[in-house]
Amino acid sequence: FVAVPQIPKDVFEYDDARKGKYPCFPPYGLGILTRILDGAGFTADIIDLHYLLLNNAHQASEAAQFDINTWQLALSEKIEIFKPDLIGLSCMFNLGHSWLRSVATLSKEKFPGLPVVGGGVHPTLTTEQLLEDVPAVDLVFLYEADKSFPDFLRFVNNEMDGACLAQLACRADGRVVKLTKRNLPDVLEYSPVYKTLPIPHYSQVGKIGAYTFLRSMTTIAATVLSTRGCRAQCGFCSVRSVNGVGVRLRDVQAVGDEIERLISAYGVRHIMWLDDDLFYDRKRALALFLSLAERRLGITWDASNGIIAASLTPELLDACVSSGCVGFNIGIESGNPEMLRMMKKPGTVETFRKAA
């Protein structure tokens, strides 16, 4: 698996990278897929070119020493050593499209016998355009690939028939063919495994969350996802397009165990929740934060992706603080009631004021 960079070359600033202004999140989704494949009898690994790009900027003492193309040698060496049967490129935002094209093209040119596939939010939302613009990408996996990707590998290995295929797009007879049938996981069992990725160094070369000013520069931070999806139907948001309708919840015990593993394995002292609707189930959220407080983990956390104001109560806020919360964003977007209705926001000016 390859996490492609997310800052376009033409706007990448060496000085900003050196100052740690760019986000640098561990590749959570690829970590989950790696764990699933390892458990299913496959062998997977990850190279994170976004981290590599930022780390190289930190290693260069001046701009003249920084080479934005060092990823080419690193990727080639990784592929030659690992000897994969398939290369999977992950891209979260459309800002990473030019990088995805560059990485796919290099992979196909240097290793023409290897299939190159794409996945993630950006390939899911721009499938036709991506397959047209990036000939080096052979297949695109849509939505969450926890089930569809390993099933595809089993199909290729003649262990399952074609009925298992879902959430897949490719070129055929000069057009794009999509299998849009969803095969999303209903039970979220897995936490990520990062193999040899230097997780403690991610928060040293970039930002994890919006509240970096409230912790030391040396504080090791990481991310955790406790839910998938969002109850809202905001017209400007793509969460439902990728995660589907509704919110799926992870077991509270499993989430706490994952955080404890991050602490013991990497020395993590701060968590940013990746959830789009962290407070969806208020009773469950309360149980989660109370359980974290009872564990006395000594960590801080933030919810930079934002929470829905209507979910917030004094009791829940108290549990957040007792479990280490230092800050969260509230998705407001507008103070105009008519505009909020047009956007289908699950909040009103009154609920915003109440939350405040």
Side-chain angles (χ1 to χ4, degrees), residues 6 21-26 28-29 92-95 120-122 124-125 144 188 203 206-215 221-250 255 259 270-286 288-289 292 299-337 339-356:
Q6 295 297 304
K21 291 187 176 181
Y22 292 128
C24 190
F25 290 65
Y28 198 93
M92 176 67 74
F93 304 111
N94 61 357
L95 285 174
V121 174
H122 171 58
T124 294
L125 298 179
E144 303 163 41
L188 308 180
S203 51
K207 295 171 59 178
I208 294 181
Y211 295 88
T212 54
F213 59 92
L214 290 178
R215 60 180 187 267
T223 56
V224 174
L225 183 68
S226 76
T227 66
R228 294 194 201 179
C230 181
R231 81 190 84 170
Q233 305 177 53
C234 304
F236 53 81
C237 182
S238 62
V239 170
R240 281 198 165 199
S241 298
V242 176
N243 295 118
V245 177
V247 181
R248 286 159 289 145
L249 313 173
R250 287 183 64 196
V255 175
I259 294 175
H270 181 85
I271 293 295
M272 179 200 145
W273 297 104
L274 294 171
D275 302 50
D276 293 294
D277 196 353
L278 182 62
F279 296 169
Y280 165 72
D281 183 324
R282 195 179 295 159
K283 182 178 179 181
R284 181 257 185 193
L286 185 63
L288 171 64
F289 301 130
L292 294 180
I299 62 165
T300 56
W301 63 261
D302 73 76
S304 294
N305 271 356
I307 60 102
I308 292 177
S311 300
L312 195 59
T313 65
E315 183 183 26
L316 183 54
L317 181 59
D318 186 61
C320 290
V321 173
S322 66
S323 60
C325 177
V326 294
F328 51 73
N329 296 341
I330 296 177
I332 294 178
E333 276 74 50
S334 176
N336 182 310
M339 185 62 69
L340 291 172
R341 287 192 293 271
M342 288 176 60
M343 290 188 289
K344 298 183 179 179
K345 282 291 297 183
T348 64
V349 174
E350 289 71 27
T351 58
F352 298 153
R353 286 177 173 150
K354 182 180 178 181

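Keep in mind that the numbers below use all heavy atoms, side chains included, and drop hydrogens, waters and symmetry copies.
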Return the minimal non-hydrogen interatomic distance between [X] and [Y], and the atom names on each side.
X: P346; Y: A310; result: O-CB, 4.3 Å
X: V121; Y: V242; result: CG1-CG2, 4.1 Å
X: G229; Y: V247; result: C-CG2, 3.8 Å
X: F289; Y: A319; result: CB-O, 3.6 Å

How many angstroms lie between [atom1] in [X] and [atom2] in [Y], if you round to the nearest 0.5 Å?
X: R228; Y: N243; atom1: CZ; atom2: CG; result: 7.5 Å
X: Q233; Y: M343; atom1: CD; atom2: CE; result: 14.0 Å
X: I308; Y: F352; atom1: CD1; atom2: CZ; result: 9.5 Å
X: C325; Y: I271; atom1: SG; atom2: CD1; result: 13.0 Å
X: L278; Y: L225; atom1: CG; atom2: CG; result: 9.5 Å
X: I259; Y: I299; atom1: CD1; atom2: CD1; result: 4.5 Å

message: So if I apply the side chain to side chain donor-acceptor pair (under 3.5 Å) rule between H270 and each of T223, D302, T212, which one comes out positive?
response: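 One option only clears the test, and that one is D302.
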
Please list, one pair per line, the donor and acceptor atoms closer than 3.5 Å that link side chains of residues 329-336 to other protein atoms, with sequence neighbours excluded.
unit_1	atom_1	unit_2	atom_2	d
N329	OD1	Y211	OH	2.7
N329	ND2	S304	O	2.8
E333	OE1	K345	NZ	2.6
S334	OG	N336	N	3.0
N336	OD1	E338	N	2.9
N336	OD1	M339	N	3.1

message: Contact between V349 and L340 at the side-chain level, heavy atoms closer than 4.5 Å - yes or no?
response: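 In contact.
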
query: With a 4.5 Å limit on heavy-atom distance, are the side chains of F25 and L274 in contact?
result: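 SC-SC contact between F25 and L274 confirmed.
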
query: Where do S203 and R215 land on the side-chain hydrogen bond (donor to acceptor under 3.5 Å, both in side chains) test, with the steps shown first?
result: CA-CA 11 Å; S203 51; R215 60 180 187 267; over 6 Å; no

So, [X] side chain and [Y] main chain: donor-acceptor pair closer than 3.5 Å or not?
X: R231; Y: D281; value: no
X: T313; Y: L316; value: yes
X: R353; Y: T348; value: no
X: R282; Y: S311; value: yes

message: Can you tell me if M92 has over 12 outside heavy atoms packed within less than 6.0 Å of its CE?
response: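 No, CE of M92 has 12 or fewer neighbouring heavy atoms, counting only those of other groups under 6.0 Å.
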
- prompt: Is there a side-chain contact (heavy atoms from CB on, under 4.5 Å) between S241 and T124 once you walk through the steps?
  reply: CA-CA 9 Å; S241 298; T124 294; over 6 Å; no

query: When the ring planes of F279 and F328 are compared, do they come out parallel, tilted or perpendicular, using 30° and 60° as the limits?
result: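 If you compare the ring of F279 with that of F328, the planes turn out perpendicular.
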
- prompt: Are S226 and W273 close enough that a side-chain donor and a side-chain acceptor fall under 3.5 Å?
  reply: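 Side-chain D/A pair, S226 to W273: absent.
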
message: Using the side chain to side chain contact (heavy atoms under 4.5 Å, CB included) criterion, which residues pair with N305? Sequence neighbours excluded.
response: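 N305: side chain to side chain contact (heavy atoms under 4.5 Å, CB included) contacts with M272, D276.
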
